[in-house]
Structures are given as C-alpha cells and as structure tokens.
Amino acid sequence: MASVDDLLTANLHAVFGQRDASARAAAAQDAYADDVVFTDPEGSVTGRDALLGKAAGLLDEAPAEFVFAEDGPRYVSGTAGALAWAFGPADAPVARGIDVITVQEGRITTLLTILTDEAPPLTPTI
C-alpha cells in the first residue's frame, strides 16, 4: 500500500509531470481511487479518467521545456498530505501552487490544487 509521501510524489511527477500518456495512465491507476475528486480553480471533476483529462490538457498546452518542480517542504499525516510546486521552465516558473491530498486505503481520494497569484523564483533571493 502506497504511503501519503509516495502518493504526493506520484501525483506531481508520475501523473501531472508525465508527458507520456500511457505511463501517466498507469501511474494514475495505482495512485488514485476510481472516484477521485479533483478540484482546481476551474472547478471539480470526479473520476480517474476526468483527472487524467485535466493532466493531459495541461501538459498538451504547455511548451516541452515546462516541468513541475517541488517548491517547499512536504506536509504528511496518516491520511493527508500537501506539497508546493512550481511549473514552467526550470529556471523561470510561470505558475506556483500547492496540492493537498486525502488518502484512503493507499490511494488518493481527493486532490485540491490551490494556485498563487504570482510565480516567484524557486529559491528566494537575498
């Protein structure tokens, strides 16, 4: 059974960061419950296929050099987790946000994505 920490990784890197549709679908099969609810600023969708559609739409529209990068510490409990991320060229993200997941029986049952209004650098400047 996957841990919350493992599921945070799978969500960001193996699903939303994976440009190969077959690999993305295989990862989603393992990571999400059949009836996962995904909520982002555009609204909510239910089901693994709907979530995969959202991931594909995002990646299909993004330039090839856009990648997801972890952007802060992970927060993990027995049934929930949160992970901040940045998206865009590795040295100049265009979007930042945080994913909050809830987990039951080793699979993500809800995924909430919250975006920031701006995309500062991955590392603070002094």
Side-chain angles (χ1 to χ4, degrees):
M1 190 174 299
S3 70
V4 172
D5 193 53
D6 291 339
L7 291 169
L8 286 169
T9 299
N11 175 67
L12 185 64
H13 299 293
V15 177
F16 280 87
Q18 176 56 257
R19 291 188 180 268
D20 179 88
S22 296
R24 185 170 52 243
Q29 181 71 31
D30 293 337
Y32 304 100
D34 293 340
D35 59 351
V36 61
V37 175
F38 171 48
T39 303
D40 68 6
E42 296 176 349
S44 294
V45 297
T46 301
R48 192 180 299 121
D49 288 340
L51 182 143
L52 283 168
K54 297 284 280 185
L58 172 69
L59 293 171
D60 290 348
E61 292 178 13
E65 68 271 11
F66 278 38
V67 295
F68 278 98
E70 296 185 26
D71 192 26
R74 292 170 179 234
Y75 298 89
V76 175
S77 75
T79 59
L83 178 62
W85 49 262
F87 183 63
D91 58 348
V94 299
R96 293 181 70 221
I98 187 167
D99 289 336
V100 180
I101 63 172
T102 55
V103 175
Q104 290 181 351
E105 298 177 6
R107 293 210 172 152
I108 298 170
T109 56
T110 63
L111 167 59
L112 170 63
T113 295
I114 304 166
L115 301 177
T116 62
D117 289 337
E118 54 187 81
L122 288 174
T123 56
T125 55
I126 299 176

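Not measured: the values here are computed from a predicted model.
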Between atom [atom1] of [X] and atom [atom2] of [Y], what is the distance when rounded to the nearest 0.5 Å?
X	Y	atom1	atom2	result
D71	F87	CG	CZ	14.0 Å
L8	L111	CG	CG	9.5 Å
L12	D99	CG	CG	6.5 Å
R96	I114	CZ	CD1	13.0 Å

Heavy-atom closest contact ([X] atom, [Y] atom, distance):
X	Y	answer
L59	R24	CD1-NH1, 3.4 Å
A82	I98	CB-CD1, 4.0 Å
D91	P93	C-CD, 4.0 Å
V15	A27	CG2-CB, 4.0 Å
L7	G106	CD1-O, 3.6 Å
R19	P63	NH2-O, 2.8 Å

Check: [Y] and [X] side chains under 4.5 Å, non-hydrogen atoms:
X	Y	result
T110	T39	no
R74	T9	yes
F66	P89	yes
W85	H13	no

Side-chain donor/acceptor of [X] to backbone N/O of [Y], under 3.5 Å:
X	Y	result
R48	Y32	yes
T102	T109	no
T113	D40	no

| Within 6.0 Å of CG in D30, more than 12 heavy atoms from elsewhere | yes
| How about E65: does its CD atom have over 12 heavy atoms from other parts shown lying under 6.0 Å from it? | yes
Going hydrophobic residue to hydrophobic residue with side-chain gaps under 4.5 angstrom, can you get from [X] over to [Y]?
X	Y	answer
L58	L52	yes
L115	I101	yes
V76	L83	yes

| Which of parallel (below 30°), tilted (30 to 60°) and perpendicular (above 60°) describes F16 and F68? | perpendicular
